[in-house]
Number of protein chains: 2
Amino acid sequence: MTATERVYAHIRDQILAGTLRPGARLGEAGIAADLGVSRTPVREALRKLSADGYTDLRPHAGAAVRLWDPAEVRSSFAIRADIEGQAAARTAQTITTGQLAGLEQLCARMEAPGAVAQRSELNRELHQTILRISGLVHAERIAMQLADIALLTLTFHSFSNAQAERSDSDHRMLLMAFRIRDADYAQAVMRTHILTAAAVLDDVSRSRG
Amino acid sequence: MTATERVYAHIRDQILAGTLRPGARLGEAGIAADLGVSRTPVREALRKLSADGYTDLRPHAGAAVRLWDPAEVRSSFAIRADIEGQAAARTAQTITTGQLAGLEQLCARMEAPGAVAQRSELNRELHQTILRISGLVHAERIAMQLADIALLTLTFHSFSNAQAERSDSDHRMLLMAFRIRDADYAQAVMRTHILTAAAVLDDVSRSRG
DNA sequence: TCCTCCCCAGTTGCATACAAATATCGCGCC
DNA sequence: GGCGCGATATTTGTATGCAACTGGGGAGGA
C-alpha cells in the first residue's frame, strides 16, 4: 500500500468518525508530520478526498473538511432513493440463490444482540452488495458516496432501538422481495427504507433545534 | 490558474475530443515535457482525472484512458434517467419566469441552423441549468459526470438530422412542462429524452457490429 | 518448443528544496 | 478608538533528485 493511500484512508476515517469536524482546516505540513511522510503524498490524498466530496479545496487556500448544509443532505437521500430503488428492482430480477443466502447471513449478523457497534458497517455492506448484484456499475460508486455524506450527519445522532428494529424489518422485506423476484415490491421497499431514514433524520434535527 | 488545472483541462479535453483513445497510456514524463511543466502537477492532474472517472490509475503502473464497456455506458443512462427525471420534476415546481426565459434562449440557440458544432456544448448547458434549478445539489455533479461518460462513446458516432430534431422537440416539450408547472409531465419527458438517447446509441452500435 | 525465472530498463512513488501566493499582525493614519 | 495598509510569516504550488516497484525480454531448464 502506498503512502498516499494510507494518508487518504486515515483522513477519511477521521472525518467519518467525527474526529475531524466539518470546517476543520487540513494543513499539509501538520498531516505530513503526524503520519511521518512528506507533503507530497499528503497533497495527493487531499486532492482525492476533495474529488470524492469529503473536503473543499481552494487553490492557494488549502483544504478543509466539507460542511454539508441540510438541504444537500436531504437531496442526497432523494437521489439515493432513486438509484438504490432501481438497483433493488434489477437485483430482484437477477439474484441467484447463493447471493440471496449471502444477504440473509448479513441480515442475521446485523440483528445479533451485540452488533450495535458494527451496525453501520454491516448496513453499508448490505447496501453495497445489493448495488453490486444489480449490475448498475455506476450506481454502486455513486450511491455509496452519497451514503457517506449522510453518515457524516448521522454520526452526531444516536438512534433508538425501535428505529433499528424498523430498519431490520425493512431489510427482511427486501430479502422477501428478492426471494419472490418481485421487482416492483423490491423497489418500493428500498425507496421507503431510504426515505424513512431521511425523514427520521429531519424529524430529529427539527426537534433538537 | 495553477499548472495542475491546466494539465487537467488539457488531458480531459483531449479525451472528450477523442484525440486520446480509450486504453491510451498516459506517461507522466511525456505529458510533463509536452506542456512544459514538471511531473508534480501532472501527477496531481492524473489523480483528479482518475477520481472523476476519465482514467484508470493503478499504483506503480501508471494511468490510462478509461475504457468503458457497453454495459457500463447503458447503466449510466439508466441512472441519469432517474436523477434528471426527478430533477426535472422539481424544476417544474420551482422554476421562475426569468429562469424559464433563459432556458428558452438556450433552446433557440441550439435550434439555429449553423449550431451543429456547438450542439453538444449547448445541450450540456441546458441539462446542467435544469439540474441546478432543481436544487438537488448532488444531482448536478453526478448527472454531468455520467453525461460525460456517454459523450465519450457518442464522440465516435454521428447522428442524423432527424435525431437532432427529435431531441430539440423533447427540449421544447420539457419547457412546456415547466411553463405549466406539471412535474409529472416534466419527469416523463426527461426520462424519455434520456432513455431514447440510450436506445438510439444501442441501436446504432448493434447495426454497426 | 514452451514454460519459468531472473535481471534490467523504464516508470512511478516519495522526499526535499525553492518559488509564489495568501493570511496575519502591527503600525500609522483618520 | 476604529480602519486601512503594508511587511512578514505561514502555507500552498512547482521543480528536481533519488528510491522502489512493475513489466518485458532473454537465458536456462523441462
Side-chain angles (χ1 to χ4, degrees), chain A residues 1-16 18-69 141 152, chain B residues 1-16 18-69 141 152:
Chain A
M1 178 176 287
T2 68
T4 299
E5 291 173 290
R6 278 201 307 276
V7 174
Y8 175 87
H10 179 79
I11 300 176
R12 187 204 55 199
D13 290 348
Q14 283 205 315
I15 293 175
L16 289 176
T19 312
L20 284 170
R21 291 300 181 93
R25 294 209 54 203
L26 300 169
E28 297 174 0
I31 296 168
D34 286 350
L35 298 181
V37 295
S38 80
R39 278 178 49 222
T40 307
V42 173
R43 283 179 63 77
E44 296 185 351
L46 287 176
R47 284 209 127 75
K48 182 159 170 55
L49 284 162
S50 164
D52 290 349
Y54 292 108
T55 63
D56 278 325
L57 191 60
R58 285 182 322 171
H60 301 288
V65 179
R66 174 141 188 194
L67 191 84
W68 297 100
D69 81 68
R141 182 174 52 88
L152 296 180
Chain B
M1 178 176 288
T2 66
T4 299
E5 291 173 289
R6 279 200 307 276
V7 175
Y8 175 87
H10 179 78
I11 300 176
R12 185 203 55 198
D13 290 348
Q14 283 205 315
I15 292 175
L16 289 176
T19 311
L20 283 169
R21 291 302 181 90
R25 294 209 52 200
L26 300 169
E28 297 174 0
I31 297 167
D34 286 350
L35 298 181
V37 296
S38 79
R39 279 177 49 219
T40 306
V42 174
R43 283 178 62 78
E44 296 187 350
L46 287 177
R47 285 212 128 73
K48 181 159 170 55
L49 284 163
S50 164
D52 290 349
Y54 292 107
T55 64
D56 277 325
L57 192 59
R58 284 182 320 168
H60 303 286
V65 179
R66 174 141 187 192
L67 191 86
W68 297 99
D69 81 68
R141 183 173 53 87
L152 296 179

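Hydrogens, waters and symmetry mates are skipped; everything else that's a heavy atom, side chains included, is used. Chain naming here is simple, since letters A, B, ... match the order of the sequence lines and numbering starts at 1 in each. All figures in this text were calculated on a predicted structure; none of them were measured in a lab.
- With sequence neighbours left out, Ala32(B) forms a side-chain contact (heavy atoms from CB on, under 4.5 Å) with Arg39(B), Val42(B).
- Legend: residues meeting side-chain contact (heavy atoms from CB on, under 4.5 Å) with Arg6(B), ordered by chain and number and at least two apart, are Met1(B), Ala3(B), Val37(B).
- For Asp52(A), the side-chain contact (heavy atoms from CB on, under 4.5 Å) partners are Tyr8(A), Lys48(A), Tyr54(A), Ala51(B), not counting sequence neighbours.
- Here side-chain hydrogen bond (donor to acceptor under 3.5 Å, both in side chains) pairs that include residues 55-68 of chain A, with residues two or more places apart or in two chains, are Arg66(A)-Glu72(A).
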What does nucleotides 8-18 of chain D look like as a protein-contact string, B for base, S for sugar-phosphate only, - for none, at under 4.0 angstrom between heavy atoms? ----BBBBBB-
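- Looking at residues two or more places apart in sequence or on another chain, you find a side-chain contact (heavy atoms from CB on, under 4.5 Å) between Arg141(B) and Gln145(A), His138(B), Gln145(B).
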